[in-house]
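The sequence lines fix the lettering, A, B, ..., with proteins before strands; numbering per chain opens at 1. All values reported here derive from a predicted model rather than from experimental measurement. The basis for the numbers below is simple: all heavy atoms, side chains too, and nothing from hydrogens, waters or symmetry mates.
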Protein chains: 2
Amino acid sequence: MTSEIREQVIPGERGPLEQIEQSIMQISWLAQRQFMQLLDDERFRLTLPQFYTLLHLYQIAAECKMSDLAEATQQSAASLTGVVDRLAEKQLVERKRHPGDRRQVMVVVTDRGRMLIAEIKQARREQMQAALAHLVDQEVDVLIQLLDRVLLGMTRVLEHGESGRWA
Amino acid sequence: MTSEIREQVIPGERGPLEQIEQSIMQISWLAQRQFMQLLDDERFRLTLPQFYTLLHLYQIAAECKMSDLAEATQQSAASLTGVVDRLAEKQLVERKRHPGDRRQVMVVVTDRGRMLIAEIKQARREQMQAALAHLVDQEVDVLIQLLDRVLLGMTRVLEHGESGRWA
DNA sequence: TGATATACTTAATGCTGTTGATAATCTCGA
DNA sequence: TCGAGATTATCAACAGCATTAAGTATATCA
């Protein structure tokens with residue numbers, strides 16, 4: 001039914017890939033908006049860039065230099081400086097100097113930061129589960145696999161795209 | 001294998017729903033970041049809120065009052081005023097007064113705005129297709145259906161949540 | 001040593017988000 | 001008809017972040 005269509009992309013048409021693209025974009029917008037409001041809660045008081053920056057440090061569980069952190073979170077170095085400033089003010093991360101190369105600034109998440117991330121992840125889980133509650137188990141399994149493949153494709157294109165920029 | 005787990009949600013566990021939630025959040029962040037860069041192209045020069053506001057007007061293909069537009073795009077009324085200001089400056093939308101209730105401001109997309117949306121949708125399609133190119137046809141079909149259901153769940157929770165806010 | 005490259009920060013500007021106040025208009029009861 | 005209160009949108013002040021360009025410190029290497 002849907003074969004052949006993906007090869008030759010007709011500009012004005014609404015093919016299956018375009019449907020996925022529209023769904024992903026719409027879900028992305030809603031998810032980020034809802035999450036933004038959650039992060040604004042008095043318990044957290046984080047912004048989206050602050051959260052994703054902190055999350056990356058939490059996930060890698062190691063020091064990370066500024067440029068790598070910027071790359072991983074898709075922010076410019078200039079933006080990241082301010083984001084890390086505010087995270088450091090709240091004592092959620094710490095800045096260190098790389099002993100070998102004193103130009104590099106290494107960032108690590110603190111215990112305080114780790115605790116906050118755990119709290120936020122829990123709150124977000126509850127939020128998202130309300131939206132996913134009507135899926136049955138088998139759908140969940142399939143969705144997990146498909147989303148993983150989408151994510152893989154997106155990160156791969158990011159890496160191989162001309163310095164992360166398209167079009 | 002995954003039955004029973006969804007009913008009783010164990011806080012610290014990493015269940016299948018949590019996996020979906022993490023994938024969706026990560027995809028959302030990446031998709032919005034990449035799209036932000038695309039919109040920054042000299043051909044478009046739009047921001048994300050500007051695009052989604054314009055897109056909604058394009059999709060409903062009718063006048064829309066400010067409060068409905070704010071609701072639909074998940075922005076505060078105060079933010080939206082500025083967004084519409086800038087869209088109007090670029091002559092992508094027009095403001096009108098509602099004849100019956102002169103408090104209401106009605107917004108419509110212009111021809112210029114429609115053309116720009118069409119261009120952006122085309123560019124975005126190409127961008128996204130690079131990321132989805134490695135999915136096979138059957139996966140595409142399944143993914144479409146699952147994403148639709150996720151989207152349905154998210155919008156439903158939004159509507160029935162306490163005035164769009166959670167936690 | 002001195003030129004160049006690298007890593008990060010700073011400065012300036014615009015957009016957006018939040019909150020609270022304000023202005024204009026409508027509704028409805030007295 | 002008048003006026004109190006509700007509704008709708010905007011404004012004002014402030015913080016965060018994106019972008020760009022310039023600046024500082026350090027490293028590398030001829």
Could you state the [atom1]-[atom2] distance from [X] to [N], rounded to the nearest angstrom?
| X | N | atom1 | atom2 | result |
| --- | --- | --- | --- | --- |
| A/Leu39 | C/dG17 | CG | P | 14 Å |
| A/Leu48 | D/dA18 | CG | C1' | 14 Å |
| A/Asp41 | C/dT18 | CG | C1' | 15 Å |
| A/Leu46 | D/dG16 | CG | C1' | 12 Å |
| A/Asp40 | C/dT18 | CG | P | 6 Å |
| B/Arg97 | C/dA24 | CZ | P | 10 Å |
| A/Gln104 | D/dT24 | CD | C1' | 16 Å |
| A/Leu80 | D/dT19 | CG | C1' | 15 Å |

Among the candidates [options], find the nucleotide nearest to the side-chain atoms of [X].
| X | options | value |
| --- | --- | --- |
| B/Thr81 | C/dT9, D/dT10, C/dG17 | D/dT10 |
| B/Arg103 | C/dA24, C/dT16, D/dA9 | C/dA24 |
| B/Ala78 | D/dC11, D/dT8, D/dT10 | D/dC11 |
| A/Lys65 | C/dA7, C/dT9, C/dG17 | C/dA7 |
| B/Met36 | C/dA24, D/dA18, D/dT10 | D/dA18 |
| A/Thr47 | D/dG16, D/dT19, D/dA6 | D/dG16 |

Got a donor-acceptor contact below 3.5 angstrom from the [X] side chain to the [Y] backbone?
| X | Y | answer |
| --- | --- | --- |
| B/Ser23 | A/Leu147 | no |
| A/Lys90 | A/Arg45 | yes |
| B/Arg149 | A/His134 | yes |
| B/Arg33 | A/Gln74 | yes |

Contact class for [X] (heavy atom, under 4.0 Å): base, sugar-phosphate, or nothing?
| X | value |
| --- | --- |
| A/Arg45 | nothing |
| B/Arg95 | sugar-phosphate |
| B/Ser67 | sugar-phosphate |

### Message
Counting distance alone, no hydrogens or angles: does the base of D/dT26 have a donor or acceptor under 3.5 Å from a partner atom on the side chain of A/Arg102?
### Response
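For A/Arg102, whose side chain was compared with the base of D/dT26, there is no donor-acceptor pair (under 3.5 Å).
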
#### Entry: Earlier contact from the 5' end, DNA chain C, for B/Lys90 and B/His98
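The 5'-side residue here is B/Lys90.
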
### Task
Report yes if a side-chain nitrogen or oxygen of A/Gln50 is closer than 4.0 Å to either non-bridging phosphate oxygen (OP1 or OP2) of D/dC17; otherwise report no.
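Indeed, a polar side-chain atom of A/Gln50 lies that close.
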
### Query
Between B/Ser79 and C/dG17, does any side-chain N or O lie under 4.0 Å from OP1 or OP2?
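So the side chain of B/Ser79 is within the cut-off, an N or O lying under 4.0 Å from OP1 or OP2 of C/dG17.
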
### Task
Please figure out whether A/Asp101 or A/Gln75 has its closest DNA chain D nucleotide nearer the 5' end.
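This one resolves to A/Gln75.
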
### Task
If the plane angle is over 60° it's perpendicular, under 30° parallel, otherwise tilted; pick one for A/Tyr52 and B/Trp29.
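If you compare the ring of A/Tyr52 with that of B/Trp29, the planes turn out parallel.
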
#### Entry: The single option from B/Gln26, B/Gln19, B/Glu18 passing side chain to side chain donor-acceptor pair (under 3.5 Å) against B/Gln22
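It is B/Glu18, the one option of B/Gln26, B/Gln19, B/Glu18 that forms the side chain to side chain donor-acceptor pair (under 3.5 Å) with B/Gln22.
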
